[in-house]
2 protein chains.
Amino acid sequence: MAHSSKDSHPCPVSRLMAVLSGPWTMYILWVLSTQGATRFGALKRLVEGISTKVLTERLRLLEQEEILYRHYEPTVPPQVTYGLTARGLELCTVLDQLNALAESWYSISSKSQAIALGCYKPPSP
Amino acid sequence: MAHSSKDSHPCPVSRLMAVLSGPWTMYILWVLSTQGATRFGALKRLVEGISTKVLTERLRLLEQEEILYRHYEPTVPPQVTYGLTARGLELCTVLDQLNALAESWYSISSKSQAIALGCYKPPSP
DNA sequence: CGGAATCCCGCAGGATACTG
DNA sequence: CAGTATCCTGCGGGATTCCG
């Protein structure tokens with residue numbers, strides 16, 4: 001959560017975790033993995049409560065790590081679409097396992113199962 | 001990183017990530033998984049640079065989630081030992097997969113492979 | 001529409017000192 | 001030895017405003 005993007009990380013997990021551990025990040029991944037490629041505005045609406053600043057920060061980071069791609073369409077008004085890359089899909093596979101583990105520990109209160117992976121977001125004030 | 005221990009999390013991963021994403025946490029897990037059960041002082045020495053405050057905070061959290069156990073021996077001076085629980089070991093299995101993924105992405109600079117899992121720590125100032 | 005820039009603030013984390 | 005208690009500080013995130 002320090003890690004200002006250019007830090008040299010001692011090892012791979014270090015680097016990956018530095019990305020994933022940011023607030024909203026998992027939530028964003030989850031939205032993209034369930035909704036498919038999504039435009040900026042829609043994303044902001046779906047990840048309800050996030051500020052534009054943080055959303056763009058997270059997207060840039062995830063893009064740098066090639067976990068998601070950014071497609072810019074120079075129409076007027078411009079359209080920008082974000083979606084998971086191959087890496088992003090791989091990642092979600094592992095995250096799903098993490099989710100399965102978590103579910104088995106904190107035995108699920110029935111129907112919340114559908115919203116499984118990555119609903120990680122800060123508690124609403 | 002908000003999440004002051006009593007927050008009700010919307011879903012399992014949310015809760016698990018809130019624990020794992022804290023700075024030093026993965027590093028602590030990595031040390032315990034490689035060194036085995038370790039005493040407080042030794043842990044503080046191994047996780048070099050961490051403050052006692054944060055170390056105890058993280059240990060308490062991980063203990064609450066039953067990812068590690070705390071064994072108190074009332075000798076003089078007292079001895080406290082921390083080690084991974086069954087859950088902790090399960091968790092490390094999945095984290096290892098995350099590590100494998102990260103390694104395949106950021107292709108490893110040869111010999112740093114040994115320090116694989118969880119070397120996640122803030123960059124030294 | 002999809003951002004970049006700016007300001008402001010809380011609280012997580014560091015350092016230090018002290019106890020059972 | 002294994003922590004608590006206190007104070008201090010930075011910076012990460014929210015809100016707002018402006019740009020192409």
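Just so we're clear, the structure is a prediction, and the values are computed from it rather than from any experiment.
The heavy-atom pair separating A:Gln35 from A:Leu46 by the smallest distance is CG-CD1, 4.0 Å. Minimum interatomic distance between A:Leu68 and A:Thr85 (heavy atoms only, all atoms of both residues): C-CG2, 3.4 Å. The two residues A:Ile50 and A:Ile28 have their closest heavy-atom pair at CD1-CD1, 4.3 Å.
The NZ atom of B:Lys44 sits 10 Å away from the C1' atom of C:dG14 (whole-angstrom rounding). Rounded to whole Å, atom P of D:dG13 lies 10 Å from atom CD1 of A:Ile50. For the pair B:Glu48 CD and C:dG14 C1', the interatomic distance rounds to 15 Å; values are reported in whole Å. To the nearest angstrom, C1' of D:dC11 lies 11 Å from CD of A:Glu57. Straight-line distance from the CD atom of B:Glu63 to the P atom of D:dA2: 15 Å, rounded to whole Å. Remark: C1' of D:dG12 and CG of A:Leu55 are 16 Å apart, rounded to the nearest angstrom.
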The contact string for nucleotides 2-8 of chain C, one letter per nucleotide 5' to 3', using protein heavy atoms under 4.0 Å with B, S and - for base, sugar-phosphate only and none, comes out as SSB----
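Applying side chain to side chain donor-acceptor pair (under 3.5 Å) to B:Trp105 and the options A:Glu65, A:Glu66, A:Glu90 leaves one that passes, A:Glu90.
In the set C:dG13, C:dC1, D:dG13, C:dC1 carries the atom at the smallest distance from any side-chain atom of A:Pro77.
Overall, the helix from C:dC1-D:dG20 to C:dG20-D:dC1 carries an axis bend of 50° between its ends, with five pairs at each end and the value rounded to 10°.
One distance of note links CZ of B:Arg60 with CG of B:Leu55; it measures 9.5 Å at 0.5 Å rounding.
Look at B:Trp24 and you'll find a side-chain N or O under 4.0 angstrom from OP1 or OP2 of C:dG14.
Scanning for salt bridge (charged side-chain N to carboxylate O under 4.0 Å, His left out) contacts around B:Glu57 gives an empty result, with sequence neighbours left out.
With A:Thr25 contributing its side chain and A:Ser21 its backbone, the two residues share no donor-acceptor pair below 3.5 Å.
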